[in-house]
Amino acid sequence: MPLFFSYFPIVFLIYLMTRRNSMPSYKALPLCALLLYFIMLVVFARDPVLVHAAVLDGLLIAWTPIVIIAGAIFLFRTMEATGAQATIRAWLNTVSENKVAQLMIVGWAFQFLIEGASGFGTPAALAAPVLVGLGFPAVRVAILCLILDTVPVSFGAVGTPTWFGFSAIDLSAAEITEIGIKSSIINGIAAFVVVFIALSFLVERKALVQNAVFIVLSILACVLPYVAIAFVSYEFPALLGGGIGLVLTIAFARLGWGLSQAPINVRDFQEQDSQEQDSQERDSEETRPQVSLGALLKASFPLWGTVLLLIITRIPQLGIKELLLLKEPAWILELGSLGVLSVSASLVVSLQSIFNTPETWSHSLLYVPSFIPFGVISLITLYLYRSGQGRRVVNETLVQMQNPVLALLGALVFVNLMMMGGDQSAVALIGQSLAELTGAYWQFFAPFLGALGSFFSGSNTISNLTFGGIQDSIALGLGLDRTTILALQSVGGAMGNMVCINNIVAVASVLALGNKEGYIIKRAVLAMLAYGVVAGISGVLI
């Protein structure tokens, strides 16, 4: 009975969001969270105090993705209001009018770099509006960005899913390094499949074949340094691999290496009709708008300024990260049975002993990518352009955030309730039942358990923390290589990024897509299944 009710809320949620007349996430997620609340009390007979503590903790945790999304929306509303977006679009067309090149530069290499610096769903929130600004259809851009923001995720936010995600397991430094190496190799192999799948949502097969050499060069530009760096560090593979790959991909595009001169028909391309598009493609190089270096630097400041500020605040060796994460309370307030509220000198807000239980919540106001970098960079951008559009940008952001707030509050309560109970939690019961079904073939299914964790929590790090111990015990019990299984767990957490509720809501919110989350999930899950098959086979070979 507990196992049935562990699966039921998930199945019901997927049904609501993927049926023909799908329910929007801001209704489906709170509804399923309410259903799960009663299941925890009635079926699992959880302590009501612990259940309510988990609910409050989930409501508080939800504000982390909420403020990140709000910051990203504010940044791109600022770029639109100041005209920076239009300048970047004009420059990208001077680099290459080839649509495949534009997708690989922004959707692949740029996202790779941002994931290495930050994570938290930031890459798709940054890249998707740029591609939409270039005229690509928003829904398909969301799918592409979600699928492509997977390969670097095992080393996202300066390697957090690897070095912190497995911190609860007794692993030596050599074993963690080996997990990182294997994760990078498996993700690197999968990249050659997942990139083509992602592009196929926007580009016809003929164009993929004609531009295949460029696509492969761009993949290699990111993946080769990514794998090489994993042999010496599990913090910088995605960050440095993405940086090197972005520079090389832009260079390849400028040189035209592997790019076809034939016109490319983009699926659902809506910026102009075919006759107008054909006319533009016959225009000479001289008729294209030229963008000066100064104008480009100014227009792209919101992007490179964001990346720079993320890197400065993420690399431990610079010392700023440590300052932003100071947890020593500078101010404490007793809130009775509600808990103990404290604020540190670096504005790390925490609530300890929620309802006198072990549940705790913490939010780093200056470290979570919201005010820094999005808010700061947006304000500087408005100043640079002497724009008086600040009030309008704020109002547009607040309006666009209304439904995502409800969706994310429901999602995080749902996640917390699914994960409460330790070894007897609904999530753990699902994992154990899957292991029993697969037996010695577990290595082919290990990535999907990792993906399940990301689907719920929106984080490869949390997926590794949640399922790492289960994966390790399964590996030891079945006599499988533990570092390989844990690498597959990390890869699964990365590939689950494309179907994770938080990320889908985030990118849909930034693009103002409305009720499209179910449509996105149904398409992205096919790519995830292909990713998982490649990962499982690769895990056997390495």
Side-chain angles (χ1 to χ4, degrees), residues 72-73 75-114 123-149 195 198-204 207-208 211 214-215 218 246 249-254 256 259-274 276-283 285 287-291 295-304 306-307 507-508 510-513 516:
I73 292 173
L75 178 70
F76 278 96
R77 289 293 185 185
T78 299
M79 291 180 68
E80 290 174 356
T82 57
Q85 186 95 310
T87 303
I88 292 172
R89 180 166 63 247
W91 175 77
L92 279 171
N93 280 324
T94 66
V95 172
S96 176
E97 287 190 338
N98 185 291
K99 300 302 176 185
V100 170
Q102 293 174 350
L103 290 170
M104 291 301 291
I105 291 170
V106 180
W108 166 248
F110 179 66
Q111 280 203 123
F112 210 108
L113 170 63
I114 300 300
L126 281 170
V130 175
L131 290 173
V132 172
L134 288 167
F136 293 97
V139 176
R140 290 178 180 268
V141 162
I143 295 169
L144 173 129
C145 287
L146 287 164
I147 293 174
L148 292 184
D149 184 25
V195 170
L199 290 172
S200 70
F201 283 97
L202 281 149
V203 180
E204 294 177 348
L208 289 178
N211 294 276
F214 174 83
I215 296 169
S218 179
L246 180 60
T249 298
I250 292 173
F252 296 154
R254 279 197 174 279
L259 290 174
S260 169
Q261 298 301 313
I264 296 174
N265 295 319
V266 177
R267 300 182 192 277
D268 292 346
F269 193 76
Q270 296 168 349
E271 186 180 42
Q272 56 205 6
D273 60 36
S274 59
E276 187 179 356
Q277 185 177 349
D278 291 341
S279 173
Q280 279 196 5
E281 286 167 352
R282 286 193 296 268
D283 286 346
E285 183 74 25
T287 63
R288 298 177 190 172
Q290 298 299 307
V291 179
L296 175 62
L297 287 174
K298 183 178 179 181
S300 62
F301 169 73
L303 298 178
W304 63 260
T306 296
V307 173
V507 73
V510 171
L511 297 180
L513 291 180
K516 293 294 183 182

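Residue numbers run from 1 in the order of the sequence given.
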Task: Spacing of Phe201 atom CZ and Ile143 atom CD1 [to the nearest 0.5 Å] - done: 5.5 Å
Task: Side chain Asn211, main chain Ala101, donor-acceptor under 3.5 Å - done: no
Open item on the list: Are the side chains of Glu204 and Leu208 in contact, using a 4.5 Å heavy-atom criterion?
Closed with: no
TODO: Taking all non-hydrogen atoms of both residues into account, name the closest pair between Ala128 and Val507 and its distance.
DONE: CB-CG2, 3.8 Å
Open item on the list: To check you understand the geometry: which heavy-atom pair defines the closest contact between Ala90 and Val291, and what is its length?
Closed with: CB-CG2, 3.9 Å
Task: Spacing of Ser300 atom OG and Met79 atom CE [to the nearest 0.5 Å] - done: 8.0 Å
TODO: Return yes if some donor-acceptor pair links the side-chain N/O of Trp108 with the main-chain N/O of Ser218 below 3.5 Å, else return no.
DONE: yes
- [ ] Evaluate the side-chain proximity of Phe110 to Val307: yes if any heavy-atom separation is below 4.5 Å, no if none is.
- [x] yes
- [ ] Determine yes or no for a side-chain-to-main-chain donor-acceptor pair under 3.5 angstrom, with Ser96 supplying the side chain and Leu92 the backbone.
- [x] no
Task: Interatomic spacing from CG in Leu75 to CG in Leu303 - rounded to 0.5 Å - done: 7.0 Å
- [ ] Quick one: pull up CZ in Phe214 and OG in Ser260 and give me the separation to the nearest 0.5 Å.
- [x] 12.5 Å
Open item on the list: Side chains of Leu199 and Met104, heavy atoms from C-beta outward: is any pair under 4.5 Å?
Closed with: yes
Open item on the list: Within the structure provided, determine whether Pro137 and Leu202 are in side-chain contact (heavy-atom separation under 4.5 Å).
Closed with: yes
TODO: Can you sort out the partners of Thr78 under side-chain hydrogen bond (donor to acceptor under 3.5 Å, both in side chains), two or more places apart, ordered by chain and number?
DONE: none
- [ ] For the pair Gln102 (side chain) and Leu134 (backbone), establish whether a donor and an acceptor sit closer than 3.5 Å, ignoring hydrogens and angles.
- [x] no
Open item on the list: For Pro129 versus Val510, what's the shortest heavy-atom pair and its separation?
Closed with: CG-CG1, 3.4 Å
Open item on the list: How long is the straight-line distance from CG of Leu296 back to CD1 of Ile88, given to the nearest 0.5 Å?
Closed with: 7.5 Å
TODO: For residues Leu131 and Cys145, report the shortest heavy-atom separation together with the two atoms involved.
DONE: CD1-SG, 4.0 Å
TODO: Could you pull out the closest heavy-atom pair between Ala198 and Leu148, with the gap in Å?
DONE: CB-CD2, 3.5 Å
- [ ] Go through the structure and list residues passing ring pair (Phe, Tyr, Trp, His ring centres under 6.0 Å) with Phe252, not counting sequence neighbours.
- [x] Trp257
Task: Gap between atom CZ of Arg140 and atom NZ of Lys516 - 0.5 Å precision - done: 11.0 Å
Task: Closest contact, heavy atoms only, Val132 versus Ala138 - done: CG2-CA, 3.8 Å
